[in-house]
Amino acid sequence: MAVTNSDSNPTNIPDKPSLDGIESALAQIWQDEGTYTFDRTAPRERVYSIDTPPPTVSGSLHMGHVFSYTHTDTIARYQRMTGKAVFYPMGWDDNGLPTERRVQNYFGVRCDPHVAYEPDFQPPFRGNPPKDHQPISISRPNFIKLCEELTHEDEKVFEDLFRRLGLSVDWDYLYTTIEDRSRRVSQRAFLGNLERGEAYTQEAPTLWDVDFKTAVAQAELEDRERPGAYHQVSLARSDGSGDVVIDTTRPVLLAACVALVAHPDDPRYQPLFGTTVRTPLYGVEVPVLAHPLAQIDKGTGIAMICTFGDLTDVIWWRELNLPTRAIIGRDGRIINTPPHGLDSAAGIAAYEQIAGLFINQAQTKVVEALRESGAMLGEPRAIMHPVKFFEKGDRPLEIVTSRQWYIRNGGRDADLRHAFVDRGNHLAWHPDHMRHRYSNWVEGLNGDWLISRQRYFGVPVPVWYRLDENGEAIHDSPIMPSHDVLPIDPSTDVPPGYSADQRHQPHGFIGDPDVMDTWATSSLSPQIAGKWEDDADLFARIFPMDLRPQAHDIIRTWLFSTVVRSHFEHDSLPWKNAALSGWILDPDRKKMSKSKGNVVTPLDLFEKFGSDAVRYWAASARPGIDTAFSEDQMKVGKKLATKLLNATKFVLSFPEPAIDARPTTAIDLAMLARVAQTINEATTAFEQYDYARALERTESMFWWFCDDYVELVKGRAYDSQGPEAAGSALSALRLALSALQRLLAPFMPFTTDTVWRWWQNGSVHTAAWPAVSELGSIGDSTILEPIGEILSQIRRSKTDAKTSQKAVVTQAVVTANAEVLAAFELGRLDLGEAGSVAHWVTVVAAGETSVRSTLAAPETGN
RNA sequence: GGGCGCUUAGCUCAGUUGGUUAGAGCUCCUCGCUUACACCGAGGAGGUCGGGGGUUCGAGUCCCUCAGCGCCCA
């Protein structure tokens, strides 16, 4: 990697340099030259590896992607220039619900694991099936094939956009989350968890989405404020000594009631503990119990426990050893048969009134019946209250009992939980305060990670179950495949020792019907990208990775689950650093949303301002800070790029300085001292992942260089003070230019590589990050401030006189202290030329520096 | 209810161990075609640093407190 190279060829420089269209040409050159190719022979200590977030390909790329991927790219480029072999892969997330829906709608098919695989299957449609088309059922392997076909086109578009943005990704390491390799990694890791006891299956109450008909994990929940109403219901005490009044928002669950509960310290209900009451309508006898989770000040202070109305019911049910009376089915309807314990004739008749109804309809019926029976007191009182939803769902979650797979995450084990908190403490967070989101989440876990989903598309849970003589599955000893046959699909593949015709037969087998949550695969992105399962040499060179960049809203999901998998599989953190990016906001400070219809596409902005200008806007945002979308910032970026083009052209338009020419003039050495300081500041900032500060320091230096330094030495560079003085200026200009181009390279890869190639060999992106040592001797930068002040005052006098900046100053009187005048003497000749000053007078005086300029009378005529 | 962050010029934001007169860009106004750049340059206007209190010789910066905004969690 050459630092500088005097192989300049000024004929490369166009007369009118332009930024138009540089992106596609350079992207091609980078591809051809392998500029970003990962050197897989590099030892681990020389590797910098990045666990790239794989974007969901069923959506579209928006400014949020441009924003955060640019941040990562500046880091990747900096690390590459410091000599690291940068492992920077890209992945496409084509696993999960959004892709499943797109494939269904596009091809007119539906995934059904019970259907046999057809090698030559062709879908009935490719795009726009008619509205009355009934989706045809196809096997999971066929469905995955169609997914790969459909997403392939989207992925090309994504790749083109990312290349246009100038991401320095090594595209040879591209992965997708549904491809064979990812499914293999996912299943292999799951089987490892299972063998070590970190994964287990259990029949338990589970949060359930009745529309998606799948279980949902704690991390996918969100609270939404919904209107509800308190209904006051009275329950007769079994001993006939009176009533107990409860408040409930869900009287529909009265048939599922298994107990009443109040706080143990509540004197109102202490006498009732241990007694029983009878539910209205259904006549079921239930105990009155004490539990500290009961809220004294909520409603009447006593609540009914139902199986299951909410998560607190589950805790009560578990801790108080209560029976189960489930009445809500997986389809969101009331189950047809009454629950155990509801066996009186009147109770059964009352239950038949609601059996088969949707929950809302049933609620209405129950309220009517309670009114008629007199058990309801007064009118319902409307309230707003938080209700748990699946983050992608439209109806409140219910809780049903089902068999699911879990991976331990510390939610039920304090020691393990502390181990995960500790992992988070050892991770370097950027910005640092994001670590609180992690510990906050981990410390608040109240159950293990539910990874099974009752969907058809995704990575199958890779186990089978033996069937007993009655054809019932034996769940506690699943049959596992050997690792060398992965990935498998238990819905079509046959377990070892069985034949295909034994499926569903007594003493035969069945496949696990479920797929794994997409996070169960995404949480293995380091293992997938690093080819853990089939290239151990590569994996050892890149793992644990150096950087996980991601958005802060998925700390609880993607980040945490990756830590969990790495902890179990490798007993280590998956990465050393986590960089959390902020959101893009509308100019009105709301989160940008597609629905508002005011979203500009990245491509339009690349066209309008150039990719480097868009990157400039992104890189100007502090790490982790939500940032307003701003075309103004892009304009500024474009100005910077244009300026770099012109400044380079100007510096290179001078004859090449002699080989032995070195900066000797005080001003030149002082300027180099500022360059040195900028290098140090930018380097420190990048080491702290603060790309924005690195840019700000460099940019500020660059504009000073153009506006003041170049103006000062321009005349001298034109040889006005003799060859030695010119040689000093010319060599200093080139040293500074080389450093500045490289300092800007992570931010403006297209512009910097364009100008770099005008006078250097190879790409700026494989050049060495600038070092202070390469500048040679540097001077005292403090002389620049007084010199700048004098220049500024001369300029002001001309502006005040409304005359041209090239107007001649016949005499300038500089009044300043001795120190300033000493600096002035060092810049006297250059100042004279830059300000067109014919004659200087200096006056020593304490106090502020002042310059009194006498302007030549404007020439008349001519 | 708990946690975290933010509040500095009309707008978007810097301000890193407390240290002269608080900075930049955009916008606005004035001027200038000057042989790198008019996709430019020179200059100007614009701020009680959210409110209050405290520590200190000195606070935008540290501490306390209040208010508003935002995010995460319960």
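By convention in this document, chain letters (A, B, ...) are assigned in the order of the sequence lines, proteins followed by strands, and residues within each chain are numbered from 1.
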Novice: Using the six-membered ring wherever Trp is involved, compare the ring planes of A/Trp316 and A/His291 and label them parallel, tilted or perpendicular (cut-offs 30° and 60°).
Specialist: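 Because their plane-to-plane angle is over 60°, the rings of A/Trp316 and A/His291 count as perpendicular.
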
Novice: Say we look at B/G50 and B/U12: how far apart would their P atoms be, to the nearest angstrom?
Specialist: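 Pairwise P distance, B/G50 against B/U12, rounds to 15 Å.
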
Novice: In whole Å, measure the gap between the P atoms of B/U17 and B/U61 for me.
Specialist: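 Roughly 13 Å separates the two P atoms.
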
Novice: Would you say A/Tyr616 reaches B/U12's phosphate, i.e. side-chain N/O to OP1/OP2 under 4.0 Å?
Specialist: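 Checking A/Tyr616 against B/U12: no side-chain N or O falls below 4.0 Å of OP1 or OP2.
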
Novice: Once each nucleotide of nucleotides 22-34 of chain B is scored for protein heavy atoms under 4.0 Å, what B/S/- sequence comes out, 5' to 3'?
Specialist: ---SS---SSS-B

Novice: Take the protein atom CD of A/Glu222 and the nucleotide atom P of B/C72, then report the distance between them rounded to whole Å.
Specialist: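 Between P of B/C72 and CD of A/Glu222: 9 Å.
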
Novice: Can you tell me which residue pairs pass the salt bridge (Lys or Arg N to Asp or Glu O under 4.0 Å) test with a partner in residues 791-815 of chain A, sequence neighbours excluded?
Specialist: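 Checked against salt bridge (Lys or Arg N to Asp or Glu O under 4.0 Å) - neighbours excluded - the pairs reaching residues 791-815 of chain A are A/Asp708-A/Arg795.
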
Novice: Say you pick atom C1' in B/C71 and the same atom in B/U65; how far apart are they, in whole Å?
Specialist: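 Rounded to whole Å, the distance is 23 Å.
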
Novice: Return whichever of A/Trp703 or A/His552 has its heavy-atom-nearest nucleotide of RNA chain B closer to the 5' end.
Specialist: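 Checking each residue's closest nucleotide, the 5'-ward one belongs to A/Trp703.
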
Novice: Within 45° of the axis and under 6.0 Å from the centre of the six-membered ring of A/Phe650, does NZ or CZ of A/Lys714 qualify?
Specialist: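 Flagged: A/Lys714 positioned over aromatic ring of A/Phe650.
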
Novice: Grab the CG-P distance between A/Asn446 and B/G2 for me, whole Å please.
Specialist: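 In whole Å, B/G2 P lies 20 Å from A/Asn446 CG.
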
Novice: Can you check the distance between B/G3 and B/G10, where both ends of the measurement are the P atom (answer in whole Å)?
Specialist: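 Pairwise P distance, B/G3 against B/G10, rounds to 35 Å.
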
Novice: Suppose you measure atom C1' in B/A14 against the same atom in B/G23; what distance do you get, rounded to whole Å?
Specialist: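 Straight-line distance between the two C1' atoms is 7 Å.
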
Novice: Please report, rounded to the nearest Å, how far the C1' atom of B/G5 is from the CH2 atom of A/Trp583.
Specialist: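 Those two atoms, CH2 and C1', are 15 Å apart.
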
Novice: Below 4.0 angstrom from OP1 or OP2 of B/C39, is there any side-chain N or O of A/Lys16?
Specialist: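 Indeed not, no polar side-chain atom of A/Lys16 lies that close.
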
Novice: Does A/Arg556 put a side-chain nitrogen or oxygen below 4.0 Å from OP1 or OP2 of B/C72?
Specialist: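 False: A/Arg556 side-chain N/O out of range (4.0 Å or more) of B/C72 OP1/OP2.
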
Novice: In whole angstrom, give the distance that lies between atom CZ of A/Arg435 and atom P of B/C73.
Specialist: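 The distance from CZ of A/Arg435 to P of B/C73 comes to 19 Å, rounded to the nearest Å.
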
Novice: Using atom P in both nucleotides, what's the gap between B/U7 and B/C62 to the nearest angstrom?
Specialist: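 Comparing P positions in B/U7 and B/C62 gives a spacing of 11 Å.
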
Novice: Closest approach to the side chain of A/Asn646, judged atom by atom: which nucleotide of B/G44, B/A42, B/C37 is it?
Specialist: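 Of the options given, the side chain of A/Asn646 lies nearest B/C37.
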
Novice: Report the C-alpha separation of A/Lys608 and A/Glu631 in whole Å, then their side-chain angles, then the decisive distance to 0.1 Å, and conclude whether the salt bridge (charged side-chain N to carboxylate O under 4.0 Å, His left out) test is met.
Specialist: CA-CA 10 Å; A/Lys608 191 168 172 189; A/Glu631 293 201 7; 3.0 Å; yes

Novice: Write down the partner of B/G43 under the Watson-Crick or G-U wobble criteria, each distance required to be under 3.5 Å.
Specialist: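 Result: B/C29.
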
Novice: Could you walk me through whether A/Arg556 and A/Glu391 pass the salt bridge (charged side-chain N to carboxylate O under 4.0 Å, His left out) test, one step at a time?
Specialist: CA-CA 14 Å; A/Arg556 62 179 176 164; A/Glu391 59 190 0; 3.7 Å; yes

Novice: Let's test this: given Watson-Crick or G-U wobble pairing with both distances under 3.5 Å, identify the partner of B/U56.
Specialist: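 Paired with no nucleotide.
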
Novice: The criterion is side-chain hydrogen bond (donor to acceptor under 3.5 Å, both in side chains); which residues satisfy it with A/Thr815, sequence neighbours excluded?
Specialist: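 For A/Thr815 there are no side-chain hydrogen bond (donor to acceptor under 3.5 Å, both in side chains) partners, ignoring immediate neighbours.
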
Novice: What is the distance, to the nearest angstrom, from the CD1 atom on A/Ile315 to the C1' atom on B/A74?
Specialist: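 From A/Ile315 CD1 to B/A74 C1': 12 Å.
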
Novice: Report the base-pairing partner of B/U21 (Watson-Crick or G-U wobble, both distances below 3.5 angstrom), or none.
Specialist: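 WC or wobble partner does not exist here.
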
Novice: Between B/A36, B/G43, B/A74, which one does the side chain of A/Arg796 approach most closely?
Specialist: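 For A/Arg796, the side-chain atoms sit closest to B/G43.
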
Novice: Can you tell me how far P of B/U12 sits from CD of A/Glu696, to the nearest Å?
Specialist: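 The answer, rounded to whole Å, is 19 Å.
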
Novice: Of A/Gln688 and A/Thr642, whose closest RNA chain B nucleotide lies nearer the 5' terminus?
Specialist: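 It is A/Gln688, whose closest nucleotide lies nearer the 5' terminus.
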
Novice: Measure the distance from CD on A/Gln218 to C1' on B/C72 and round it to the nearest whole Å.
Specialist: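 Nearest whole value for this atom pair: 14 Å.
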
Novice: As an exercise, state the distance from CZ of A/Arg435 to CG of A/Leu427, rounded to the nearest 0.5 Å.
Specialist: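 A/Arg435 CZ to A/Leu427 CG: 7.5 Å, rounded to 0.5 Å.
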
Novice: Out of A/His71, A/Arg622, A/Glu696, which one pairs with A/Tyr691 under the side-chain contact (heavy atoms from CB on, under 4.5 Å) rule?
Specialist: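 Testing A/Tyr691 for a side-chain contact (heavy atoms from CB on, under 4.5 Å) against A/His71, A/Arg622, A/Glu696 leaves exactly one candidate, A/His71.
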
Novice: Would you say A/Arg437 places a side-chain N or O within less than 4.0 Å of OP1 or OP2 belonging to B/C71?
Specialist: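 Negative; the distance criterion is not met.
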
Novice: Roughly, in whole Å, what's the span from NZ in A/Lys298 to P in B/G1?
Specialist: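 Going from NZ in A/Lys298 over to P in B/G1 covers 15 Å.
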
Novice: Could you check which of B/A36, B/G43, B/G2 has an atom nearest any side-chain atom of A/Ser792?
Specialist: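 So the side chain of A/Ser792 is nearest to B/G43.
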
Novice: Using the C1' atom as the point on both nucleotides, what is the distance between B/U30 and B/G18, in whole Å?
Specialist: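 After rounding to an integer number of Å, I get 39 Å for this pair.
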
Novice: Would A/Phe629 and A/Trp617 count as a close aromatic pair, with their ring centres under 6.0 Å?
Specialist: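 Judged by ring-centre distance (under 6.0 Å), A/Phe629 and A/Trp617 do meet the cut-off.
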
Novice: Searching all strands shown, indicate the nucleotide that pairs with B/G5 (Watson-Crick or G-U wobble; both distances under 3.5 Å).
Specialist: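 WC or wobble partner is B/C69.
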
Novice: Which value, in whole Å, describes the distance between the P atoms of nucleotides B/C11 and B/G54?
Specialist: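 31 Å, rounded to whole Å.
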
